[in-house]
Amino acid sequence: MALIEVEDLRFQYPDGTLALDGVSLTIERGEFVALIGQNGSGKTTLSKCICGLLRPTGGRVLVDGIDVAKRGVKRELVRRIGYVFQNPDHQLFNSEVYDEIGYGPKNLGLPERERDALIREAAAVAGVHESLFHEHPFFLPKGLRQRVAIAATLAMRPQAIVVDEPTTGQDLRQSLEVMDFLSELWRRQGHTIVIVTHEMPIVAAYAQRTIALCQGRVLIDGPTREVFTHADLLAQTYVKPPQATRLAQTWTALGVRPDVLTVEELVAELERVLAERRGVGTRRAGS
Amino acid sequence: MATAPESAAVGVSVWEVEPGERRKPGIVHVVMMALFIGIGIVVGTLGSLAIPIGFVSLFWPGQAVQALGGIWFGAWGVIAGMFFPFISNALSGSAPIPVSAAYLPANFLQGFLAAAGFRWLKADPRLRTWRDWAVWVVIGVLLANFLGAFWGTYVLTWFGLITEAARPTALFGWFIGNSVPSLIFGSILLKYVSPMILRSKTFVKGWLA
Amino acid sequence: MTVRWAVEVEDFSWRYQQAREFALRDVHLKIPEGSFTLVVGPNESGKTTLMLAIKGLIPHSLPGTLRGTVRVFGQPVEHTSAPVLAKRVGYVFGDPEAQFTALTVEEEILFGLENIGVPEEEIGERIRWASELTMVADLLDKPPYDISGGQKQRVAIASVLAMRPDILILDEPTSMIDPLGKDQVVQICAELKATGSMTIIVVEHNVEAFAHLADQVVLVYRGQVVRVAPPQEFFEDLAFVAQHEVSPPQVTTLFALLRERGLYNGALPLTDEEGIAAGWQLLAGEGR
Amino acid sequence: MPKAEIAKKTLLGVVPVDSPFYRFHPATRLMLLVFLSVTPLFVDLPEINLALIAVALFLLRWGKVQLGQIKRYLPLLFTVALFMFTVAYLAPGDRAMLTPFKLLGLTFYLEPIWWAFVSYCRLIAMLFGAILYFSTNRERDLLVALRTIRLPFAASYVLALSLRSAGMFMEDFATIREAQQARGLDLESMSIADKVKLYTMYAVPLFAVALRRADEISNALFARGYTLSARPATGGKRSDYLRKQYRLLARDWVAIAAMGLVFGAVVALRIGWGAFTDDASLLKALFRWGVGV
């Protein structure tokens, strides 16, 4: 059974905006998925529906077989899927980091001993050092607050986590840190990861699978490498593949593969093409 | 509880202006006043809509907002506390403008008493000692709400909205109905939000800065 | 011909009131009038602090300890009032939401104009000019919080542009918006640069989008300005750039790596167009 | 996708896209609010207050307001009535002085019940002034009106900013609620005591966001040349572009004069001649006849 099943999902906001217009997809256990698309394409709405934070106006979402819109399933749900908000300020409310991370487990009614173990583990995984346990989250720098928010989600041990714009406003090092950390969770601990983002180089470097939304529908869904070869289709939702991919695609006539994702891949590809060409070139030079 | 060692020396009150510290009113105070009116509108409106009894505030967490505003932001907070009920009452439809206007003195007192009490008696807004608690409960909650209820019910009879005979009952109901949310809501906020406010630029030690 | 300096930062150091360490130390920086400057560097390195000092928020509304001077068109910022500074230096903050205070886009734009004392007759014309340039003319009637992220950022730019500042600072203008919005902001910057009348300073992580517009790139790292150079020259030393946690455009990295491998020896491209051309030359034009 | 809009959202409610009200100057519309809110203070006669309610309802219709919108006030209108009549029943005052009557096996007293009815009509008439106003005016109209009556810029600006921030906090509130749910909070299975504790969980992030915002906004204000006094850089008077976009026309003056005259007449008649008391009420006679006293 797939971990997340979305069937003909529709969502209409009270003001009449149709944010999702019949979305169907499945996400298997252990996938690393990126949700992309222009603002208003429905990505945040979809991710919130998946976590049961918004009640769909049509269709349904099953997480591990549980219908997320059903009453009284919240506690069941948070052990399966966690959502990290873009702005940690909306999420953090305890006066100590330790209590903050422990809030979820406490809601789940776990005994203290077990809770403590979960908190320490989640903090360690998220890179929140124990010396920060008694700090007030409000006064930590933004990067750290985000980690606390992630740790708080992890402490509930969800099988999947959805992260809304993990790299917005972060610099190179911070972005890599957050992404490497998510990647580590995915690789080592077998978590399913879903990120919502506008940063295509991040998508290219980390996500195994990419789903592009446009006006509340799935525009394209497939392996990231394949999705970025459809530049014309992506243009509908104003997404451009990363620069390396774009460059490669203008050189296809020269024998360059159109589906490279990173600079390193493109370098290797150009080396290959050049080596071939040089062989041909020497021959031609002789004629 | 608050046993963690604090950097602030024992006995130094949060109201003390440190040597070399310059305090003058700035744009940030005006902005905070406006934002605080915004918070008051939200809390006041939601409070009234949750239990719609109209002009009588049987469960109205707004008074807590007024008291906290005065404690944290001095005169800016007192002013904010006087005016947000106008808008929240109009939005929730719980009191027409003339009735809101008549409540003004009560709105002033409900913010001012807490503000003055904490400043004069040097109580810590983080509620660290039993003395801080006493100042909060006696002046910020009980006295402020009693005077508020006294004036408020007077206004109601004045507008003919309740009978003269019902006034003592209404006064009692109002007093309890406002004190309970104030005590719960206000104490929690003082305890948990004050640490953030005290370290921010918006905190007012005197009346204006 | 002598250069007129829009900004002169001399020996400048700044420590925020509650901080232990100086956010900026002994900074020297000169920005010529009419130029386009791109400021890069990791978060918390002092980029924004430097911009706040040029804008005058430091020391006017932020408490702290200051050494040295910042001059804008020869005038020390410290002794210039907020409304005068508002005319000289416009500042667009990274989060457009955070700077909105009005109830409609039109009021948002005219707010600054009234503050700096633009007469009523002229206000309408300025609103028109700024809103057309930033493509928000059809939004004037809308509440600024009820429009898309990209539109918000353009409104923020319009509201600053309308004041016709001599210097325009954009602090991470694309960090909070979607790809279409980013493109539009870059386009507005290109248009402004083409008019040549404004000194533009952009702080950005998204180097790829702005490098080609820049006359000079400034690298701020751990409270100091460690490098100032034209973009071509700046990205020549990629090791230095990477060591200071800045990501160059992918196309630049690509050709630098090719050059390291002895496959390329031309100038490093900064844009898609330059890169595409260099690639064709490399692959189709018999290499060197 | 675009559908024909008939209503626009404002921070405070919803207003029609097009309404005959918009032909009047915002100051005139504010005067209508004042007129409808204050006049009932001088009128006990329920017939007149009911007539004022009818006028407000008519104006809502005429102003193209969708009546569905005012449904949200119905629970309030009902509970207020329930409250006032219950108080009048339970605490009628000195029973010896009152006229008792029986209804459904209970003993009521005529005077307090009647007085509750009189007051209720007055209260609702006043409330309808506000309902009408917020259903046909945007925040901008309120600002223009206040500036037209020469409220200082700084004051109107604080008002605008607080309305705007109320809107932002509403949004924050929604996000915070989602964030708490995402952490296993099950609102549906919570006790009242837990819901009270919930306030902290909303309040702390709300204030955290507000504190950061206060800093950001004050920086933004400085950046755009705003000073505490709101005086422009050139010295002298601040220009007011927004207000200049509106002109008081003949029809505004006529409307204001009409409201002024009616109000003046009501006050004069009430104070000078003791008019509009409930003694003259036909409804009272009808009521007495109905309960048989």
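Values below: all heavy atoms of this structure, side chains included; hydrogens, waters and symmetry mates excluded. Here the structure is a predicted model, which is why all the values come from computation and not from measurement. Sequence lines set the chain letters: A, B, ... in the order given, protein chains first and strands last, and positions in each chain run from 1.
Residue-level contacts of residues 64-79 of chain C with chain D do not occur; threshold 4.5 Å between heavy atoms. Of all residues in residues 49-60 of chain C, those placing a non-hydrogen atom less than 4.5 angstrom from a non-hydrogen atom of chain D are C:Lys55, C:Gly56, C:Leu57, C:His60.
The pair D:Arg138-C:Asp141 meets the salt-bridge criterion, since a charged nitrogen lies less than 4.0 angstrom from a carboxylate oxygen.
Checked by atom type and distance alone, the side chain of D:Arg224 pairs as donor or acceptor with a backbone atom of C:Gln99 at under 3.5 Å. No donor-acceptor distance shorter than 3.5 angstrom exists from the side chain of C:Glu107 to the backbone of D:Leu242, with no hydrogens or angles considered.
Highest contact tally toward chain C, considering only D:Leu143, D:Leu161, D:Asp215, D:Asp240, is held by D:Asp240 [criterion: heavy-atom pairs under 4.5 Å]. The residue among C:Val89, C:Ile123, C:Ile127 with the most heavy atom pairs within less than 4.5 Å of chain D is C:Ile123.
The CD atom of C:Glu97 sits 10.0 Å away from atom CD of D:Glu216, with the distance rounded to the nearest 0.5 Å. For the atom pair C:Phe100 CZ and D:Arg164 CZ, the distance stands at 8.0 Å (nearest 0.5 Å). The distance from atom OG1 of C:Thr104 to atom CZ of D:Arg140, rounded to the nearest 0.5 Å, is 4.0 Å.
The six-membered or imidazole ring of C:Phe111 lies near that of D:Tyr226, with a centre-to-centre distance under 6.0 Å.
In terms of the side chain to side chain contact (heavy atoms under 4.5 Å, CB included) criterion, residue partners of D:Leu151 (sequence neighbours excluded) are, by chain and number, D:Leu146, D:Ala155, D:Ser156. Scored by the side chain to side chain contact (heavy atoms under 4.5 Å, CB included) test, C:Glu191 finds C:Leu133, C:Gln187 as partners (sequence neighbours excluded).
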